[in-house]
Amino acid sequence: MSPSDKRAWISGPARESGYGSADVTFPDTEGPLAGTVKNMTMYEPVELSEPLAIPFHDQCRDLLLKQTGEAELDAEAFYETVCSLSGGSCCLDKLQYGKIADEMDQYWGPAWGREWFVMSPLDIPDLQLYYNDLPKIGEGPSAQGRHIELRSAVNDPFSRLPFEVLEQILGELPLASIRKLRLASRAVRNQELPNRFWKKLVRRDMDFLFDMPDTARNATDVDWRWVYRDMSRRSNPKRRKLVGGLANRARIWKETLPQIAEPYMRNLAAKQCERANEPSVFKGAKNEGLASLVLPEPKDARTTNIAFMSMPHLLHRAKLELVISFNEFDEIANLDAINHAESTLAESTRALTGRIEKVHIPNDSWVTGIIVTTATREVKDSMATHALRRVVGLDVLLTKPGASVGEGASVKVGCQRGDKKVIHVPEGDFIVGLKVRQSPGSGVLCRLGLFCHQSWRAGANNYRQRSYNDDKYSLVQGRMWHHQLPRQGPGSGGGPAPGEPHSGYWDFGLVADVEPMQHLIWDAVGYTRSHITSISADVLFGGFRVTYDNQPDRTIGPCLNAMKTLTIDAAGGEGILCIYYCISHIPTSIRFVTTRNRQLVIGQPDGRENRFPARESPNKRLPGFFAHWSKLGSSPPPNLKAIGGFYSPSNWLEMDVSPEASQQVGGPRWEPTGLAEGLATSGSCIGAFTLLSRQMSARNKSVPDDSQRP
């Protein structure tokens, strides 16, 4: 699942890269990551992943389609099926894998007699050879006949049944029951089962032989009793004549796929019915994705499409009212819409309970987006205290014809104290509906998305959205921001845009688009580069501060105790050029580098540093950065979990001299600048030592080493 034009979609092939993650290739036709390769964590809990990455083999997919009789896999129905099979600590934890479950661990090692588990269930050469030479009547072992000792069955109730009825009864029983009945009943044992009976049993019990050619399947001279015997033995891993690929196919077909196929077909039927009955306004509409809002997401959450009008050109007639319901904790439980101008949309089809508030959209305005406010609430059980992130307020953004670009009204509902996420229409589009994911059992609004059409679809003379041409919120969408949105200027692209956050693999469960990010922007509108006088950082990554000569200080982070400061000669034209960070299992170093090749360093840098903006992006500059810490007020103290940078178009010539060039050959890296010309080091650093490694493959570590600095 992904925040793309489609709620769920299927990527290209992936390659496992360790630590439960994989490098995923996205096709050109799928989602915002089209044509890219992204490292994604696999099998995370459903409520802790965005996007939710579900790996599966292409051959398993093909087998599922064979079993269901469908031509292609419906991504949304398949996603709903995965959610229904995920109810515990990880994705798909309700799925029973059968015999292979004993081999499933962090590492898969070779095991004697288990080779068939990894053999292709589709490409089976021995099976194709068997199809080409099926045993014939009169040639196989069945031709030798079986000696049946006929015994009196006078008192056997089955003796009173015609053979046709008896054959029909046996045809409904599994083979094991047939064998037991033949032992218990003389009348049944005395009957010789005809070839057509065994042919029916092959079709019933071995429907995994779907690739048998029609010429073989319809042949009249095939000994089907012997075919049944051969296929039973060759698909049984306990038999010596095992065909590994056939055994693996039978395992998947009989044990695993039925658990997926049944709920998948139910979800597929529901999706097809939903699509057939959806309003015409959704035809051709762009779905701007489902923004995740809560943690954890309740398991019973379901998605509903809400239309604002029946057709795009009816925008000018719409008399829209948004209806917001609250649960017992004053958290938003659901969101609906009523268009009083159209009878088909005038009645809400969903029952809203609890406190209800309504937002009337003026006739001369229209909805352009929603700023969502979330907050956490603690709940206790017998084991521990858990934090629930829930939606507590909405700020409905509106256009207002005649106002200047970017100006408009808004209507606030619920509590506005908390963390913010903006969901906004792209420039040149207008909203025609909502996609809402809500939990009826828990009364929780979980996710929210928009349906949009291009402005021309509303009609040339439509005054409600014609004046709107501002896309300033698009730069900060997709992130939950701590207490306030990053400051943006008017107009499209009016402020810094955030890059991707980066976290260590110890924090693989971090949900980067729901956990609130604190932002520190020193070069946005109103904070020009010439005003900065210093940047400071807590040496234990607890927080950061920027000071100005004509503005209040700006700080982020929970702990600003042991601060380290780098003064900046703003009057002389010095500015912050880039940020380097090193993250492995946790963040281990951060360096701020100025245009004069001066630096502020916390932690211990090494050769695995990343630079933001990247050297490959010379036209981007660094106006600020953002970070996320573990829960504030927790014990032990909060830790830095993730960090990322903002970027803006560069409008000055960068003097990018890397700090790596400011060190002596074989010597340490210096801070804040390199040694003055003519100076050289002599002797060893006071307190230097060597840390001996206890691992055979690891090297001894010198402290300080060449990557550290005095």
Side-chain angles (χ1 to χ4, degrees), residues 376 387 419 481-483 498-499 501-512 515-522 532-547 553-568 576 578-594 598-612 622 624-646 659 668-673 685-689 691 701-710:
T376 56
D419 304 316
W481 299 105
H482 181 67
H483 289 178
H502 296 269
S503 59
Y505 58 79
W506 277 8
D507 296 309
F508 65 90
L510 179 72
V511 188
E515 303 285 6
M517 299 290 172
Q518 300 189 42
H519 54 86
L520 181 55
I521 299 176
W522 53 73
I532 302 174
T533 57
S534 72
I535 182 169
S536 305
D538 180 84
V539 296
L540 296 178
F541 305 95
F544 304 87
R545 177 189 295 123
V546 171
T547 60
D553 297 352
R554 294 211 63 205
T555 63
I556 61 171
C559 304
L560 287 83
N561 298 324
M563 301 297 289
K564 189 175 180 180
T565 301
L566 175 69
T567 59
I568 297 177
I576 301 174
C578 62
I579 180 175
Y580 287 84
Y581 53 87
C582 179
I583 300 177
S584 54
H585 56 294
I586 58 174
T588 56
S589 72
I590 297 175
R591 300 198 283 135
F592 298 94
V593 182
T594 74
R598 300 169 66 242
Q599 59 181 339
L600 173 68
V601 184
I602 59 173
Q604 298 296 337
D606 60 24
R608 298 172 294 174
E609 287 181 312
N610 297 300
R611 185 187 191 271
F612 190 91
L622 181 74
F625 71 103
F626 59 92
H628 170 73
W629 284 265
S630 58
K631 182 177 177 293
L632 303 184
S634 63
S635 180
N639 293 321
L640 179 65
K641 296 294 186 181
I643 187 171
F646 289 92
R669 185 176 290 144
W670 297 92
E671 183 189 1
T673 62
C685 179
I686 297 176
F689 65 95
L691 184 65
K701 181 176 179 62
S702 298
V703 181
D705 62 14
D706 288 348
S707 66
Q708 298 167 334
R709 74 277 172 225

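No experiment lies behind these values; they were computed from the predicted model shown. For the numbers below, each heavy atom of this structure counts, side chains included, while hydrogens, waters and symmetry mates do not. Along the sequence shown, residues carry numbers from 1.
For the side chain to side chain contact (heavy atoms under 4.5 Å, CB included) test, residues two or more places apart in sequence or in another chain that qualify with Thr376 are Arg389.
One distance of note links CG of Leu560 with CZ of Arg545; it measures 5.5 Å at 0.5 Å rounding. Here Leu622 contributes atom CG and Trp522 contributes atom CH2; the two are 4.5 Å apart, rounded to the nearest 0.5 Å. For the atom pair Ile535 CD1 and Thr594 OG1, the distance stands at 10.5 Å (nearest 0.5 Å). Note: Leu540 CG to Ile602 CD1 = 8.5 Å, rounded to the nearest 0.5 Å. Note that the CD atom of Glu609 and the CD1 atom of Ile590 stand 10.5 Å from one another [nearest 0.5 Å]. One finds the NE2 atom of His519 at 9.0 Å from the CD1 atom of Ile556 (value rounded to the nearest 0.5 Å).
Closest of all the heavy-atom pairs between Asp538 and Asn561 is OD1-N, 3.0 Å. Residue Ser503 comes nearest to Ala642 through the heavy atom pair CB-CB, 4.0 Å, listed as atom of the first residue, atom of the second, then distance. In terms of heavy-atom proximity, Thr567 sits nearest to Arg598 at O-NH1, 2.8 Å. In this structure, Pro605 and Arg591 approach most closely via the heavy-atom pair CG-CD, 4.0 Å.
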Quick one: do Ser534 and Thr565 satisfy side chain to side chain donor-acceptor pair (under 3.5 Å)? Show the steps, please.
CA-CA 7 Å; Ser534 72; Thr565 301; 5.7 Å; no
Please walk me through it: do Leu520 and Arg554 pass side chain to side chain contact (heavy atoms under 4.5 Å, CB included)?
CA-CA 7 Å; Leu520 181 55; Arg554 294 211 63 205; 3.5 Å; yes
I would like to know whether Val546 and Thr533 meet side chain to side chain contact (heavy atoms under 4.5 Å, CB included); could you show each step before the answer?
CA-CA 8 Å; Val546 171; Thr533 57; over 6 Å; no
What's the verdict on side chain to side chain contact (heavy atoms under 4.5 Å, CB included) for Tyr581 and His502, showing C-alpha distance, side-chain angles and the deciding distance?
CA-CA 9 Å; Tyr581 53 87; His502 296 269; 2.9 Å; yes
Yes or no on side chain to side chain contact (heavy atoms under 4.5 Å, CB included) for Ile583 and Thr588, after CA distance, side-chain angles and deciding distance?
CA-CA 6 Å; Ile583 300 177; Thr588 56; over 6 Å; no
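In this structure, the ring of Phe612 has its center no less than 6.0 angstrom from the ring center of Phe646. The aromatic ring centroids of Trp481 and Phe626 lie less than 6.0 Å from each other.
With hydrogens and angles ignored, the 3.5 Å screen pairs no side-chain donor or acceptor of Asp553 with any backbone N or O of Thr547. No donor-acceptor distance shorter than 3.5 angstrom exists from the side chain of Ser536 to the backbone of Phe544, with no hydrogens or angles considered. Proximity of a side-chain donor or acceptor of His628 to a complementary backbone N or O of Pro516 within less than 3.5 Å is detected. Within the 3.5 Å criterion, the main-chain N or O of Asn639 finds a donor-acceptor partner in the side chain of Ser630.
Paired with His482 under the rule side chain to side chain contact (heavy atoms under 4.5 Å, CB included), one option of Gln518, Met517, Glu515 passes, and it is Gln518.
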